[in-house]
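Worksheet for the structure shown next.
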Amino acid sequence: MGTTAAEQPLVVARGVVKRFGDHAALKGVDLTVHRGEVVVVIGPSGSGKSTLCRTLNRLETVDGGTIEIDGQPLPAEGRELARLRADVGMVFQSFNLFAHKTVLENVTLGPVKVRRQPRAKAEQRARELLDRVGVGSQAEKLPAQLSGGQQQRVAIARALAMDPKVMLFDEPTSALDPEMINEVLDVMTGLAKDGMTMVVVTHEMGFARRAADRVVFMADGEVAEVAEPEAFFTAPSSRRAQDFLSKLLTH
Amino acid sequence: MDPVLENLDLFWGGFVRSLGIVLWAFAGSMVLGTALAVCRVSPVPVLRAVGTGYVAVVRNTPLTVVLFLFAFGIPALQVNASFYVFGVAGLVVYTAAFVCEAIRSGINAVAPGQAEAARAIGLTFGQTLTQVVLPQAVRTVVPPLGNVQIAMVKNSAVVGAFGVGGELFSVATRLTSAQGEPRLPVYLGVAAFFLLITLPAGALLARTEQRLAVAR
């Protein structure tokens, strides 16, 4: 017995390469996320941060490098991959709630079909989670009847219902109206405080500063800098991070 | 219209026989066509190739050629069945290619994020299709699928021409050739009985479409 499970990093990406035709979106990216850690990935548009997030549960295949979740290399396809994805929660920019199912059904689908939980148990847990993210009273509605902020909170509940080991957030507030951003960020901050392991791709610098254990700054498909949030925002060491932050501050 | 009215029982028998062909071909082509569409969107390259190849070959072959192959080609391989079975099988095989493409268009019309979210919570390919993608695809698929199936009803007349016997087209041939009845009223009668299938089918389609639209 070498390292115990608790010491072993939960997510390890090494030298991840992703190409879209001639364009290299990721040029050999390394990323390590420990248990209970909140890693916020920021960077300019087109820097590859969303792509990196999507490779971690293989919604995006990779052209090079390795990715391990909880010590297991990502399976290529099929049931093995599905089983692993069940342990990795994902929240999308465009919510992607199942449009033909009610809020409650959205949250229970995974537990019933993947975890084989009895429906009654799954529903009870789903209602608890919906209450926790503040949309308990909307359980019987269809997603289209909810505001963007409400939909995104349902999406978080849907991911939580699988009891994931790690949660991936791919720009979760980028499609929201300004007044709805905070209600989603509040839920995410609460999760972080409860010890959820999180990888968050975002443009919300306030959230990064408040909730992150580490900030990963990406530019041109590479990790340009990794730092603790306070150090990163007050004294970024890389030239590209300095440029990026100075542009944000002019507004 | 005397030739029609005097032979109403014959026409009615032909109508029932034709309806049988149509219902079998509908069921068969829906099952085979859906299976082919699933093949075409599957992550397995071999299945995709099978689906694509099937559509490319069958959709681009004239129906009469497909029916000739079934009615006279397959019996040459010592496989024996009635013309009725071969006729229905030929119609199923031919129509399935179009059903496949109609369903595939519906699958492609479902936002890609829906399938991504399904996969992200750990649903398998089959579960993603049956739980998330197909129920939403059905809504957009009804009108094009209706076109395909109404075309199938009319194509069933061609099946009749291959000697199935007893159905509407054979009734017409018998009346005009063997009994020398005037052609125009007889064929108008056949057309009327086909409308008896296609018009209600069209109405049923419109209602289905309406019901699914409300559920959206």
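Proteins come first, then strands; the chains are lettered A, B, ... in the order of their sequence lines, and each starts at number 1. Everything numeric in this text was worked out from a predicted model, so none of it was measured.
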At a heavy-atom separation under 4.5 Å, does [X] approach chain B through its side chain, its backbone, both, or neither?
| X | value |
| --- | --- |
| A:Arg54 | side chain |
| A:Phe98 | both |
| A:Leu97 | backbone |

Against chain B, work out which of A:Leu59, A:Leu168, A:Leu81 has the most heavy-atom pairs shorter than 4.5 Å and name it. A:Leu59
List the atom pairs, with distances to 0.1 Å, where a side-chain N or O of residues 37-46 of chain B and a protein N or O form a donor-acceptor pair under 3.5 Å, not counting sequence neighbours.
from: B:Arg40; atom 1: NH1; to: B:Glu101; atom 2: OE1; distance (Å): 3.3
from: B:Arg40; atom 1: NH1; to: B:Glu101; atom 2: OE2; distance (Å): 2.8
from: B:Ser42; atom 1: OG; to: B:Cys39; atom 2: O; distance (Å): 3.4
from: B:Ser42; atom 1: OG; to: B:Val44; atom 2: N; distance (Å): 3.1
from: B:Ser42; atom 1: OG; to: B:Val44; atom 2: O; distance (Å): 3.3

Around atom [atom1] of [X], are there more than 12 heavy atoms from other residues, nucleotides or ligands closer than 6.0 Å?
| X | atom1 | value |
| --- | --- | --- |
| B:Arg48 | CZ | yes |
| A:Gln72 | CD | no |
| A:Lys113 | NZ | no |
| B:Phe68 | CZ | no |

With a strict 4.5 Å heavy-atom criterion, list every residue of residues 113-135 of chain B that contacts chain A, or say none. B:Gly113, B:Gln114, B:Glu116, B:Ala117, B:Ala118, B:Arg119, B:Ala120, B:Ile121, B:Gly122, B:Leu123, B:Thr124, B:Gln127, B:Gln131, B:Val132, B:Pro135
Quick one: list whatever passes salt bridge (charged side-chain N to carboxylate O under 4.0 Å, His left out) with A:Arg119, sequence neighbours left out. none
Acceptor/donor pairs from residues 153-166 of chain B side chains to any protein atom, 3.5 angstrom cut, sequence neighbours excluded:
from: B:Asn155; atom 1: ND2; to: B:Ala151; atom 2: O; distance (Å): 3.4
from: B:Ser156; atom 1: OG; to: B:Val153; atom 2: O; distance (Å): 2.5

